[in-house]
2 protein chains.
Amino acid sequence: MQRLPVYLRCLESLPPGQSRVSSDELAALAGVTSAKVRKDLSYLGSYGVRGVGYEVEHLKFQIGLELGLERDWSVVIVGIGNLGSALASYAGFIERRFRIVGLFDRDPRKYGMQVGDLIVEPMERLRAVVVEREALIGMITTPASAAQSVAQELADAGIRSILNFAPGVIQSPEGVDLRRVDLSTELQVLSFYLRRNGG
Amino acid sequence: MQRLPVYLRCLESLPPGQSRVSSDELAALAGVTSAKVRKDLSYLGSYGVRGVGYEVEHLKFQIGLELGLERDWSVVIVGIGNLGSALASYAGFIERRFRIVGLFDRDPRKYGMQVGDLIVEPMERLRAVVVEREALIGMITTPASAAQSVAQELADAGIRSILNFAPGVIQSPEGVDLRRVDLSTELQVLSFYLRRNGG
DNA sequence: GCCTGTGAAGGCATTCACAGCA
DNA sequence: TGCTGTGAATGCCTTCACAGGC
């Protein structure tokens, strides 16, 4: 369920003293209806108490469990330009137990460059690092033209899930789960509605 | 419709010589069904030719029109850390006619810093820049703790749409359209399916 | 009384299937 | 024959509404 991370974020934004939430309250924070919240949460099991609400800490724990937050995930990044570097040192990943364990680039001038507490390595090292550090997730932050071949290299190295930040559509290698984050598209959606409402 | 940008990207990935596409072909590239493609495109008007397919260039143009790609959009960024800097010089925005026209931060040590061809300015300059350069869109790349107040400041300055990259949920100021890009959530979705499939 | 859990109803998006046109 | 455009059917997600506990 795609809304669970949102609920988790909402729960975290609650004042530390608050030990209970109602579905109404959560719904208002998350920007959805209370019925949706209740139905979503009921899939995790019946953790709410009728007439009272949900216990904040318990709910956080259960959502975390559902999302796989109880373990670390190792992640490699290919394409250490501006965006790749930013993601490499993005604090939000650590907090969600995603650990960046390898940085790769095709440009020899970047080899040895330090980003955060990692060193940029050549693509030839990809497989060794993926195996050794047990990475299952890869992020692509190369230019669009390189993304497809990098995806294949990641797959060959043993990566099972890819998050692609390169603009452009690429085909998912066999047996690999692929998601895109298209930054321009996000802005496009905004501009679309802006125009519609007379921007 | 959220899939139009994807179709556009697919059309752009076609070899330059190709002047026509069928809904089947586009569907395969975009990872959807051909019926969906046809229904989506039929909302733009009937630009396909039965028995032949769609004219690539014409379709690109029509989708671009629908998405508002015929004009420039001015964008400001608040929070010039790693991510903010990366977005400030992200080439993909220019290509989609999003022009970054202002960089802002609360940290005086960042004032005057050059990023791309812009200079980081204090928040006090926000309103002036927004008005002068006619920005309607703002991106928030601050830490989570600052995001809510920055959103309000953007709204007060005249920004109508906000893209929030800060982790955590914030409430949309009155009259402002708010979207979130939660990088950790994207990874969480991947790890969720990884675990489900025995990762 | 209050708030959750959940069947039932409703609405929206997807898919089907085929008529229509090149 | 090939492929689009589109009503009809399907299925899924959301919303409603209320019974059931605290």
Report the distance from atom OH of A:Tyr54 to atom P of C:dC2, rounded to the nearest whole Å. 18 Å
For the pair made of CZ in A:Arg20 and P in D:dC22, what is the distance, rounded to whole Å? 14 Å
Given B:Leu154, which partner from the list B:Leu178, B:Val130, B:Val76 fulfils the side-chain contact (heavy atoms from CB on, under 4.5 Å) test? B:Val76
Please report, rounded to the nearest Å, how far the P atom of C:dT15 is from the CG atom of B:Asp40. 10 Å
Looking only at side-chain N and O atoms, does A:Ser22 come under 4.0 Å of OP1 or OP2 in C:dC3? no
Starting at CG of B:Leu41 and ending at C1' of D:dC3, how long is that distance when rounded to a whole Å? 13 Å
Locate the shortest heavy-atom distance separating B:Arg106 from B:Tyr111; write the atom from each residue and the value. O-OH, 3.5 Å
Is it the case that over 12 heavy atoms from other parts of the model lie below 6.0 angstrom from the OH atom of B:Tyr47? yes
Provide, to the nearest angstrom, the distance between the OH atom belonging to B:Tyr47 and the P atom belonging to D:dG5. 11 Å
Closest to the 5' end of DNA chain C, once A:Ser23 and B:Tyr43 are matched to their nearest nucleotides, is A:Ser23
Take atom CD of A:Glu25 and atom C1' of C:dC2, then tell me their distance rounded to the nearest Å. 14 Å
From the options C:dC16, D:dG2, D:dA19, select the nucleotide whose nearest atom is closest to the side chain of B:Arg50. D:dG2
Most 5' of A:Val52 and A:Lys36 on DNA chain D, judged by nearest nucleotide: A:Lys36
Interatomic distance where NE2 belongs to A:His58 and P belongs to C:dT4 [whole Å]: 15 Å
Looking at C:dG5, I'd like to know if its phosphate oxygens (OP1 or OP2) sit under 4.0 Å from a side-chain N or O belonging to A:Ser42. no
So what does B:Arg3 touch, heavy atoms closer than 4.0 Å: a base, only the sugar-phosphate, or nothing? sugar-phosphate
Any idea which heavy atoms bring A:Gly84 and A:Ile77 closest together, and the distance? O-CD1, 4.0 Å
Would you say the side chain of A:Lys39 and the base of D:dT15 hold a donor-acceptor pair, judged only by whether the two atoms sit under 3.5 Å apart? yes
In whole angstrom, what separates A:Leu44's CG from C:dT4's P? 14 Å
Tell me whether the side-chain N or O atoms of B:Arg38 pair up with the base of D:dG5 as donor and acceptor below 3.5 Å, since no angle test is needed here. yes
Quiz question: by atom type and distance under 3.5 Å, do the side chains of B:Arg133 and B:Ser74 form a donor-acceptor pair? no
